[in-house]
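For reference, the structure discussed in these notes is given below.
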Number of protein chains: 2
Amino acid sequence: MAGNGAGDTGGSATTAPVRRRRRDGELRREAILDAGLEVFSTLGLHGASIDQISERAGLSKTNLLYYFPSKEDLYVAVLRRVLDVWLDPLQTLSAGSEPADALRRYIRRKVTLSRDAPQASRLFCLEIVQGAPLLRAELAGPLRDRVEAKAAVLRGWIAAGRIGAHDPHQLIFAIWAITQHYADFAAQVEAITGRNLQDPAFFEATVEGTQKLILASVGLA
Amino acid sequence: MAGNGAGDTGGSATTAPVRRRRRDGELRREAILDAGLEVFSTLGLHGASIDQISERAGLSKTNLLYYFPSKEDLYVAVLRRVLDVWLDPLQTLSAGSEPADALRRYIRRKVTLSRDAPQASRLFCLEIVQGAPLLRAELAGPLRDRVEAKAAVLRGWIAAGRIGAHDPHQLIFAIWAITQHYADFAAQVEAITGRNLQDPAFFEATVEGTQKLILASVGLA
DNA sequence: GTCTATATCGGGATAGAC
DNA sequence: GTCTATCCCGATATAGAC
């Protein structure tokens with residue numbers, strides 16, 4: 001983060017460290033994206049200022065604008081990065097697995113994500129709640145396709161009598177809603193219970209409780 | 001909305017219509033609060049402008065500021081109004097009821113609210129996700145107390161063996177999360193399923209699916 | 001209560017030196 | 001790539017007439 005080289009005061013530059021410079025630039029971009037996630041996820045696109053983000057990332061406002069031409073550009077870049085993390089865990093629900101195991105693993109994975117990447121979850125939530133102006137395409141395309149694939153897996157399990165009948169979309173939404181609730185509504189959960197997912201016992205209880213709830217709904221517990 | 005009286009051009013005013021004027025003022029305030037809910041719930045506090053809100057409410061920017069001294073003041077007023085609607089449905093879970101009936105009614109009520117007052121749900125969501133800076137006190141006080149009361153009801157039912165054992169807080173959070181999901185994440189639900197709660201069949205399927213899921217988790221189905 | 005200016009300011013974005 | 005200085009616009013809020 002800090003401690004960049006003094007920036008060779010000498011003249012005959014462009015010798016060897018060219019390659020390292022490029023990597024520094026990448027790191028800088030990463031730092032900005034990290035800072036953007038933090039600030040955007042608590043203040044929203046309009047509530048956040050470039051100043052805040054640049055300060056947190058350890059550079060100047062103008063310098064940030066060298067890496068990202070506008071605030072909106074940065075915001076979209078942050079969102080895209082979040083979306084990848086977001087779409088990934090669904091893979092856990094694969095047709096080859098034992099239904100109960102697969103569901104249990106998926107739920108644990110989602111709650112773990114709520115614990116370890118709550119800001120990503122919140123930023124995503126903010127965007128969707130506001131109508132997903134910048135994400136509609138991604139939602140209707142890639143996300144929809146992946147969900148349909150997993151819904152098909154669930155339908156297969158139902159048809160084979162391996163789990164009880166339940167609308168696959170509803171089931172997926174329920175898992176999302178419950179697991180993400182502990183990240184997105186953490187302020188409320190904390191106000192009511194006084195605890196959060198950082199507390200290992202609370203984390204484990206949340207995982208197991210959610211697993212039990214979902215499995216029961218498909219007759220596996 | 002439109003068509004206010006011409007505004008007595010005469011001089012000897014303040015005769016009879018004084019009382020009606022006060023009621024007009026109240027209506028005006030209501031209209032502003034309504035407009036504020038609409039705009040704030042999609043743009044957020046910082047994304048919304050007084051111009052947009054005043055236009056939607058059918059008056060001028062300056063005029064709006066006559067009724068609410070600042071944007072923040074209006075925002076808080078809107079939020080307070082939402083909170084009341086929000087806290088109300090919990091009453092449905094009363095100790096005297098049959099557990100299955102009470103849970104079913106509560107769930108239907110919540111989904112109905114997601115259908116009829118999605119903007120209120122979204123504004124509340126935005127606020128909580130951002131850490132509830134203006135609501136922390138209300139959450140830790142009134143909301144917490146009401147939730148504790150209802151958690152006690154659930155514990156009573158469990159102790160009496162009328163429903164299966166499940167952490168009361170988890171159960172309440174699950175119901176909130178699932179039912180509000182259809183309002184807060186409507187954009188996502190629509191992108192994936194192509195439907196929303198305005199569709200009567202989808203509404204009914206959502207109510208019944210959620211009832212089934214929750215009841216199953218406490219061994220009542 | 002409602003309107004027409006207008007003061008004021010934060011903050012996004014650009015120019016250009018280094 | 002990074003800095004200083006600056007432009008500029010949108011938006012909140014106020015002043016004061018009607």
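Naming: A, B, ... by sequence-line order, numbering from 1 per chain. No experiment lies behind these values; they were computed from the predicted model shown. What's counted below: heavy atoms across the whole structure, side chains too, no hydrogens, waters or symmetry copies.
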message: Treating primed atoms plus P, OP1 and OP2 as sugar-phosphate and everything else as base, which nucleotides of nucleotides 13-18 of chain D get B, S or - for protein heavy atoms under 4.0 Å?
response: BBB---
task: Check whether any side-chain N or O of K110(A) sits under 3.5 Å from a backbone N or O of T179(A) as a donor-acceptor pair, and report yes or no.
output: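 Checking the backbone N and O of T179(A) against the side chain of K110(A), no donor-acceptor pair under 3.5 Å is found.
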Would you mind reading off the distance between [X] atom [atom1] and [N] atom [atom2], rounded to a whole angstrom?
| X | N | atom1 | atom2 | value |
| --- | --- | --- | --- | --- |
| F68(A) | dG11(C) | CZ | C1' | 19 Å |
| R29(A) | dT2(D) | CZ | C1' | 17 Å |
| D51(A) | dG10(C) | CG | C1' | 10 Å |
| H46(A) | dT12(D) | NE2 | P | 12 Å |
| N63(B) | dT12(D) | CG | P | 15 Å |
| Y75(A) | dG12(C) | OH | C1' | 17 Å |
| I53(A) | dA13(C) | CD1 | C1' | 15 Å |

task: Check whether any side-chain N or O of Y66(A) sits under 4.0 Å from OP1 or OP2 of dG1(D), and answer yes or no.
output: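 Affirmative; the distance criterion is met.
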query: Can you find a side chain N or O atom of Y67(B) that sits less than 4.0 Å from OP1 or OP2 on dT2(C)?
result: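 Answer is yes, contact under 4.0 Å.
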query: Under the 6.0 Å and 45° cation-pi test, does R29(B) pair with Y67(B)?
result: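 No, cation not above the ring by the 6.0 Å, 45° rule.
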- request: Using the side chain to side chain contact (heavy atoms under 4.5 Å, CB included) rule, pick out the option among L87(A), L83(A), L135(A) that qualifies with L143(A).
  value: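 That would be L87(A).
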message: Less than 4.0 angstrom from a charged side-chain N to a carboxylate O is my criterion; do R108(A) and E204(A) meet it?
response: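 Result for this pair is yes, salt bridge flagged.
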- prompt: Looking at dT2(C), dG11(C), dC3(D), which one has an atom nearest to any side-chain atom of S60(A)?
  reply: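 Within the option list, the nearest is dC3(D).
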E148(A): partners by side chain to side chain donor-acceptor pair (under 3.5 Å), with sequence neighbours left out: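 Side chain to side chain donor-acceptor pair (under 3.5 Å) check on E148(A) returns H169(A).
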- request: Using the test side chain to side chain contact (heavy atoms under 4.5 Å, CB included), find all partners of T42(A) that sit at least two apart in sequence or belong to another chain.
  value: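 Counting only residues at least two positions away or on another chain, T42(A) forms no side chain to side chain contact (heavy atoms under 4.5 Å, CB included).
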